[in-house]
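Below: one structure, written as structure tokens.
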Amino acid sequence: MVRLARYIIPVFAIVLCACGCEPPARTQSIASAISADKVPIAYAVYGPAAEPAVVFVHGWSCDSRYWHDQIPYFSKKYRVITVDLAGHGNSGFGRKVYTTESFGQDVAAVLRKLDVKKAVLVGHSMGGEIILYAAKISPERVVGLVGVDTLEDLGMVYPDEIKNSIYAPIAADFVPEVQKFVRSMFPAGADKTLVDAVALDMSSAPQEVALSSMREYFKVSALELIKGLTVPLKSVNADLFPTNVDGNKKLVPSYEMALMKGRGHFIMLEDPGQFNVLLERMIDRIRVETKEKK
């Protein structure tokens, strides 16, 4: 149950930048694209108009704030795009069912709106499957994918009783059960202020959106999503739970994983310095492999 649980947790960065840094000015104010079902999807752009663009996609019950510590680092070199998925952050609501595929459509809509020619999609937790969908929807615009503490075992199929053991308590008593769920994804000794902030933020998510997206996420098969994948797939994962690197490489030969030891599910917040270096390494690997294919 715990291993599956970590696939659907997002992160919260309201303990924004303990170092005191601020993100650089956007190249434009927050704008919106229109998704396939007409829901407005908020996004922001930072940094130079260089490609590949690095597009950050959050996970379950969070928003683009969670990438606060990545914006200053990556926008020095890359065009950085952050996205609020439907029902999250500044994006619109009104979706009857919040499927993982529809979130992929949200990302694709932003790529189209900005006419991004080459994008590396970075997805945390549930965002791992979302970027796989986005790559299928807009293959002509995506050159690589990086999962963030997600996609640990691409061939794993979890039984319904395991999924229900996670969903049922949260559906029955949302706020305390989400807080309990979040806290279980931090390692012993994690910063209490950060843990409290993430737990509080995630438990304040719109319940209708959170429950629908969790329900729909449990229907997703990563094994099906990677069929026909033509772009490199990498990840930056923690060691709170193991990653099946060998199994993943058998399914996706381009798969590589950079490991953050002693961290939990929220690696971009727990140690942004190390995370940024490792993520940049994975992006560099994608750029090399993309050039080699030409």
Residue that, paired with E256, satisfies salt bridge (charged side-chain N to carboxylate O under 4.0 Å, His left out) out of R281, R285, K249: R285

The single option from K113, R112, K117 passing salt bridge (charged side-chain N to carboxylate O under 4.0 Å, His left out) against D115: K117

Do the side chains of [Y] and [X] get nearer than 4.5 Å, heavy atoms only?
X: F218; Y: I166; result: yes
X: R95; Y: F103; result: yes
X: T82; Y: Y43; result: no
X: F275; Y: V236; result: yes
X: P48; Y: R79; result: no

Heavy-atom closest contact ([X] atom, [Y] atom, distance):
X: P232; Y: V143; value: CD-O, 3.2 Å
X: I286; Y: G144; value: CG2-CA, 3.8 Å
X: V148; Y: H124; value: O-CD2, 3.1 Å
X: M202; Y: F266; value: SD-CE2, 4.3 Å
X: D239; Y: G262; value: OD1-N, 2.8 Å
X: G264; Y: A238; value: O-CB, 3.1 Å

Compute whether any side-chain donor of one residue and acceptor of the other, for [X] and [Y], lie under 3.5 angstrom apart.
X: H265; Y: D149; answer: yes
X: Y98; Y: E216; answer: no
X: Y255; Y: S235; answer: yes

Residue from V54, V122, V80 passing side chain to side chain contact (heavy atoms under 4.5 Å, CB included) with W67: V122

Pairwise side-chain hydrogen bond (donor to acceptor under 3.5 Å, both in side chains) hits with a residue in residues 220-233, at least two apart: E224-K227

Distance from [X] atom [atom1] to [Y] atom [atom2], nearest 0.5 Å?
X: R215; Y: Y167; atom1: CZ; atom2: OH; result: 4.0 Å
X: N237; Y: I267; atom1: CG; atom2: CD1; result: 6.0 Å
X: L121; Y: L111; atom1: CG; atom2: CG; result: 6.0 Å

Please output the side-chain donor-acceptor pairs of residues 203-211 that fall under 3.5 Å, not counting sequence neighbours, one pair per line with the distance.
from: S203; atom 1: OG; to: Q179; atom 2: NE2; distance (Å): 3.0
from: S203; atom 1: OG; to: A199; atom 2: O; distance (Å): 2.9
from: S203; atom 1: OG; to: L200; atom 2: O; distance (Å): 3.0
from: S204; atom 1: OG; to: L200; atom 2: O; distance (Å): 3.4
from: S204; atom 1: OG; to: D201; atom 2: O; distance (Å): 2.7

Side-chain ion pair, D196 and K192, N-O less than 4.0 Å: yes

